[in-house]
Peer 1: 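My structure is below; once you've seen it, I'll send some questions.
Because the structure is a prediction, the values reported are computed rather than measured. Quick note on labels: first sequence line is chain A, next is B, and so on, each numbered from 1.
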Protein chains: 2
Amino acid sequence: MPTDTRLSRMLHVLIHMDQFGAPVTSEVISRMLETHPVVVRRTMAGLRDAGYVTSVKGHGGGWALARSLDGVTLRDIHEALGSPTVVAIGLAEDNPLCRIERAVHDALKDVIADAEQRLLARFGEVTLGALSRSVGAAVQPRCDGASRH
Amino acid sequence: MPTDTRLSRMLHVLIHMDQFGAPVTSEVISRMLETHPVVVRRTMAGLRDAGYVTSVKGHGGGWALARSLDGVTLRDIHEALGSPTVVAIGLAEDNPLCRIERAVHDALKDVIADAEQRLLARFGEVTLGALSRSVGAAVQPRCDGASRH
DNA sequence: ACCTCTCGTAACTTTGTATGTTGCGATAAT
DNA sequence: ATTATCGCAACATACAAAGTTACGAGAGGT
């Protein structure tokens, strides 16, 4: 499985938007993330539906924060992305008939669920506002890396 | 990514082998796991290389445990499978130039590493021997579910 | 009105990994 | 010799993330 980088990317762009203040186009964002504008729209759609950002069509349009990042946690963004799978290790069957397989599943399920819960709990403790302030003010709307293009 | 079911499958078959005692062919194992004999050989190859099982070619051959399951943990088997990715959430770049992206990565990396470490630590506490004994003796070499074929 | 910028979305392609399948060679018991 | 078995390469399938193309729909500038 290629690992899912959407959360990382969305956090990245949200903090840029927070620090920049003005609306940003998918085009500009795609350069920040080194990807394609359509990928940006597709991924940000979840954040828009969840009310974290707004999108405006047409000339002068683009993306903007819909609310302060202070109350928004990493977990909120993860959920806005559709709560994708956290742990890559899975069980062979949902409802095994075999006693041995059931025992194996019980043992694994516990540990996997625990790791997932712990990760999500910690995601729930970190706000994007705090993360943004921890970086220090950045004046640019774009990454340092954006100039590579 | 389809979630990785190899660990679950290998635990399942190892405990069957433990309780059955005699060598088992890939063909029989594949029916237990509802998969293909070649998949069994491919996956078990890692366990053989790590010394947990032996394989014997030719008529009357098959797979057998190379040692007691008492000292073998779930983590050992995970490592014998090549230590596949545990957490499906990943970082966008390895070495970001952007300060914001670096901050995001630092925040995520920590939590992801913690979840992974915790999961592996708990895998390291469970031995296959204990798991096998927790099931109670099963006389059959095959799953209850194997008769479905 | 027309043009251009922008998002929305469907459809398709690409990539990476686990999984499934086929074929053939090697080995060993009968 | 025949049969049962593993080893392995090669190819096919499934699935999700990511990348790309194409076109339609708004909205501002001229």
Side-chain angles (χ1 to χ4, degrees), chain A residues 1-10 12-13 17 22-49 53-64 66 78 81-93 141 149, chain B residues 1-10 12-13 17 22-49 53-64 66 78 81-93 141 149:
Chain A
M1 135 215 8
T3 56
D4 186 346
T5 66
R6 286 176 295 176
L7 179 61
S8 162
R9 285 175 156 184
M10 287 303 97
H12 181 186
V13 70
M17 288 166 66
V24 198
T25 66
S26 306
E27 171 65 28
V28 170
I29 293 173
S30 75
R31 279 199 295 269
M32 296 193 321
L33 303 183
E34 302 190 77
T35 179
H36 200 284
V38 177
V39 175
V40 172
R41 292 189 195 110
R42 189 193 287 155
T43 314
M44 305 260 300
L47 307 195
R48 180 189 56 224
D49 296 347
V53 298
T54 57
S55 61
V56 175
K57 287 182 186 175
H59 204 144
W63 299 86
H78 176 256
L81 291 172
S83 298
T85 308
V86 170
V87 175
I89 296 175
L91 306 179
E93 265 186 284
H149 283 249
Chain B
M1 121 217 11
T3 55
D4 186 346
T5 65
R6 286 175 295 176
L7 179 61
S8 161
R9 285 174 158 183
M10 289 302 98
H12 181 187
V13 71
M17 289 166 67
V24 197
T25 65
S26 306
E27 170 64 27
V28 169
I29 293 173
S30 75
R31 279 199 295 269
M32 295 193 322
L33 303 182
E34 302 190 77
T35 180
H36 200 283
V38 176
V39 175
V40 172
R41 294 192 192 106
R42 188 191 290 155
T43 313
M44 305 261 298
L47 307 195
R48 181 189 55 224
D49 296 347
V53 297
T54 57
S55 61
V56 175
K57 288 183 187 175
H59 203 145
W63 299 85
H78 176 257
L81 292 173
S83 298
T85 308
V86 171
V87 175
I89 296 175
L91 307 179
E93 263 184 286
H149 283 249

Peer 1: On DNA chain D, does the nearest nucleotide to Arg9(A) precede the nearest nucleotide to Gly62(B) from the 5' side, or the other way round? Give the residue.
Peer 2: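 Counting from the 5' end, the first nearest nucleotide belongs to Gly62(B).
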Peer 1: Among the nucleotides dA18(D), dA18(C), dG8(C), which one has an atom lying closest to any side-chain atom of Thr5(A)?
Peer 2: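 Among the listed nucleotides, the one closest to the side chain of Thr5(A) is dA18(D).
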Peer 1: Ignoring hydrogens and angles, answer whether the base of dG19(D) and the side-chain atoms of Arg42(A) contain a donor-acceptor pair closer than 3.5 Å.
Peer 2: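 Under the 3.5 Å cut-off, the side chain and the base do form a donor-acceptor pair.
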Peer 1: Please give, in whole Å, the distance from dC5(C) C1' to Glu27(A) CD?
Peer 2: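 For the pair Glu27(A) CD and dC5(C) C1', the rounded distance is 11 Å.
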Peer 1: Should Ser55(A) be listed as having a side-chain N or O under 4.0 Å from OP1 or OP2 of dC7(C)?
Peer 2: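 False: Ser55(A) side-chain N/O out of range (4.0 Å or more) of dC7(C) OP1/OP2.
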Peer 1: Please tell me if Arg48(B) has a side-chain N or O lying less than 4.0 Å from either OP1 or OP2 of dC6(D).
Peer 2: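 So the side chain of Arg48(B) is outside the cut-off, no N or O lying under 4.0 Å from OP1 or OP2 of dC6(D).
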Peer 1: Go nucleotide by nucleotide along DNA chain C from the 5' end; which of Ala45(A) and His59(A) gets its closest nucleotide reached first?
Peer 2: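 Going by which nucleotide is closer to the 5' end, it is His59(A).
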Peer 1: Find the distance Asp4(B):CG to dA18(C):P and express it as a whole number of Å.
Peer 2: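 That distance rounds to 5 Å.
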Peer 1: With a 4.0 Å limit, can you tell me whether Arg41(A) has a side-chain N or O closer than that to the phosphate oxygens OP1/OP2 of dG8(C)?
Peer 2: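 Negative; the distance criterion is not met.
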Peer 1: Figure out the NZ/P separation between Lys57(B) and dG25(C), and round it to whole Å.
Peer 2: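 My rounded result for the distance is 14 Å.
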Peer 1: Expressed in angstrom and rounded to an integer, what is the separation of Ile89(B) atom CD1 from dA17(D) atom C1'?
Peer 2: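 Result: 13 Å.
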Peer 1: dT5(D), OP1 or OP2 - any side-chain N/O from Ser26(B) closer than 4.0 Å?
Peer 2: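 Ser26(B) to dT5(D) OP1/OP2: no side-chain N or O under 4.0 Å.
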Peer 1: Could you walk me through whether Met32(B) and Val24(B) pass the side chain to side chain contact (heavy atoms under 4.5 Å, CB included) test, one step at a time?
Peer 2: CA-CA 11 Å; Met32(B) 295 193 322; Val24(B) 197; 5.6 Å; no
Peer 1: Nearest heavy-atom pair of Thr3(B) and Thr85(A): which atoms, and what distance?
Peer 2: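 Shortest heavy-atom separation between Thr3(B) and Thr85(A) comes out as CG2-CG2, 4.1 Å.
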Peer 1: Check step by step if side chain to side chain contact (heavy atoms under 4.5 Å, CB included) holds for Met10(A) and Leu33(A).
Peer 2: CA-CA 9 Å; Met10(A) 287 303 97; Leu33(A) 303 183; 4.2 Å; yes
Peer 1: Using whole Å, what does the distance between atom P of nucleotide dA18(D) and atom CG of Leu91(B) come to?
Peer 2: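 Rounding to the nearest Å, CG of Leu91(B) and P of dA18(D) are 12 Å apart.
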Peer 1: Is any side-chain heavy atom of Arg6(A) closer than 4.5 Å to one of Pro84(A)?
Peer 2: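 A side-chain contact exists here, since the closest heavy-atom pair is under 4.5 Å.
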Peer 1: Between dT21(C) atom P and Glu34(B) atom CD, what is the distance in whole Å?
Peer 2: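 Checked: the CD to P distance equals 12 Å.
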Peer 1: Respond yes when some side-chain nitrogen or oxygen of Thr25(A) is under 4.0 Å from OP1 or OP2 of dT6(C), and no when none is.
Peer 2: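 For dT6(C), OP1/OP2 do not have a side-chain N/O of Thr25(A) under 4.0 Å.
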Peer 1: Distance check needed: dT17(C) C1' versus Leu7(B) CG, whole Å only.
Peer 2: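 From Leu7(B) CG to dT17(C) C1': 17 Å.
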Peer 1: Show the nearest heavy-atom pair for residues Ala66(B) and Thr54(B), with the distance to one decimal.
Peer 2: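 Of all heavy-atom pairs spanning Ala66(B) and Thr54(B), the closest is CB-CG2, 3.8 Å.
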Peer 1: Rounded off to whole Å, could you give me the NE2-to-P distance for the His36(A) and dT6(C) pair?
Peer 2: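 Roughly 15 Å, once rounded to whole Å.
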